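These numbers were taken from a predicted model, which means no experiment stands behind them.
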Amino acid sequence: MWSCRRRCAWQRPTPTSSPRWQPSATCCSRCTRRDGPTPAIARCTRPSGGEPLRLALHRGGLRRPAGTWRDDERISGGQLYERGAAGVDQVLALVDEPVEWVSASELKRVWYHVSNADHSQLLLDFANGAQAQITVSDLTVAVRPCIEVLGSAGTLILDDAPAVANPEPFGDEPVVSGRHAGRRAAQDDAADGPASLLLATYDGVRTRLPLPAPGPGGAAAFYRDLADCLVSGWPLVGYGIEAARPVVAVLEAAVRSAASGGAQVVPL
């Protein structure tokens, strides 16, 4: 079933903290295990979506890239590496099967002031026939669910504070004018709208589960921990390269696939 693997993070500098410990990912994994969610997660008893068949994850929204290192392909590794890693990690946590092949594609049509792609799609095919599609976009206007899982016994939809188009700059970012002026969306980890988990089973039962609030520190605490470990040489507590290796293998295969026009590539 949809089991939760242990927390992990990359053994190299990473753009974000481990997605598997985010409240949304933790609740999603627990809600879809064979024995149902734990009492701390839900008041209902033993709901289950069955075996995952199709998964769709979406990251991003209509956003003009700020032009930082995150948008530079030479530094970030590209859009899939920079913002698709969390989605890959979550998919591998939900589908406990080997990845047979991956196929990826990228579009570059609007934001020419940065080198990362404007829109990327990644398809994973698993040994048991399950498939997952991960979309990372700076062009999507319509709000989409963060995660949607079609299972053999129901559908799971995670509305995890989706990024909504916003005409105003965020934080201390300057107001943009000229050819590339446009609406912006909050970063996936910066949005603070309501988040909930909807489980609709084939017997007609619809269960909406509120997500717990994020723990103290958030991404800032992760960055402090990472910086301390890099300076001191100590290993990251609770992280393992064994769990990170499959994620990196999928991302490397995705980059090769995109470069070859979307060919199916087997992760090494």
Side-chain angles (χ1 to χ4, degrees), residues 1-5 8 16 18-34 36-37 41 47-61 79-81 83-105 119-137 140 142-163 188 195-202 206-209 211 243 246-251 253-254 257-258 262 264-267:
M1 289 299 190
W2 307 344
S3 60
C4 181
R5 300 178 184 175
C8 76
T16 185
S18 175
R20 296 189 189 185
W21 259 30
Q22 294 173 357
S24 57
T26 301
C27 189
C28 190
S29 293
R30 290 181 179 178
C31 186
T32 54
R33 289 189 306 203
R34 180 174 304 190
I41 297 298
S48 175
E51 180 183 6
L53 305 175
R54 295 292 185 269
L55 300 87
L57 284 77
H58 186 269
R59 299 290 184 272
Q79 190 180 56
L80 285 174
Y81 258 112
R83 296 164 60 197
V88 173
D89 193 34
Q90 289 174 336
V91 165
L92 296 183
L94 292 172
V95 184
D96 195 8
E97 294 286 340
V99 179
E100 294 277 284
W101 52 263
V102 303
S103 176
S105 61
H119 183 96
S120 303
Q121 284 188 322
L122 170 60
L123 179 65
L124 294 83
D125 187 85
F126 293 88
N128 65 343
Q131 289 188 337
Q133 179 175 291
I134 300 172
T135 302
V136 182
S137 180
T140 305
V143 177
R144 301 182 184 180
C146 178
I147 301 176
E148 184 173 358
V149 182
L150 173 65
S152 58
T155 299
L156 180 71
I157 299 177
L158 173 65
D159 293 317
D160 189 12
D188 299 314
S196 63
L197 189 66
L198 174 64
L199 178 62
T201 54
Y202 294 155
R206 298 169 66 89
T207 306
R208 187 171 290 278
L209 308 174
L211 298 180
V247 179
V248 176
V250 168
L251 292 172
S257 173
Q264 296 179 1
V265 178
V266 179

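- The side-chain contact (heavy atoms from CB on, under 4.5 Å) check on Glu100 picks up Asp125, Ala127, with sequence neighbours excluded.
- Note: Leu158 CG to Leu197 CG = 5.5 Å, rounded to the nearest 0.5 Å.
- The shortest distance between side-chain heavy atoms of Leu123 and Gln121 does not fall below 4.5 Å.
- Within the 4.5 Å cutoff, no side-chain heavy atoms of Tyr81 are placed close to those of Val88.
- Distance alone, capped at 3.5 Å, is enough to place a donor-acceptor pair between the Gln79 side chain and the Ser120 backbone.
- By the 4.5 Å heavy-atom criterion applied to side chains, Leu209 and Leu199 are not counted as neighbours.
- Contact annotation: the side chain of Ile147 never approaches that of Leu55 to less than 4.5 Å [non-hydrogen atoms, C-beta and beyond].
- Legend: residues meeting side-chain hydrogen bond (donor to acceptor under 3.5 Å, both in side chains) with Ser137, ordered by chain and number and at least two apart, are His119, Thr140.
- Note that CZ of Arg208 is 8.0 Å distant from CD1 of Ile157, once rounded to the nearest 0.5 Å.
- Taking the side chain as every heavy atom from C-beta outward, Leu124 and Ile134 approach each other to under 4.5 Å.
- Residues Val99 and Pro246 form no side-chain contact, since every pair of their non-hydrogen atoms from C-beta on lies 4.5 Å or further apart.
- Pairing each heavy atom of Ser257 with each of Ser103, the nearest pair is OG-CA, 3.3 Å.
- Note that CD of Gln133 and CZ of Arg54 are 11.0 Å apart. Values are rounded to the nearest 0.5 Å.
- Looking at every heavy atom in both residues, Leu251 comes nearest to Leu80 through CD2-O, 3.7 Å.
- Interatomic distance, Glu51 CD to Glu97 CD, rounded to the nearest 0.5 Å: 7.5 Å.
- Distance CG/Leu198 to OG1/Thr207: 8.0 Å, rounded to 0.5 Å.
- The CZ atom of Phe126 lies 9.5 Å from the CG atom of Asp96; values are rounded to the nearest 0.5 Å.
- Residue Arg206 places its CZ atom among 12 or fewer non-hydrogen atoms of other residues, nucleotides or ligands, all under 6.0 Å distant.
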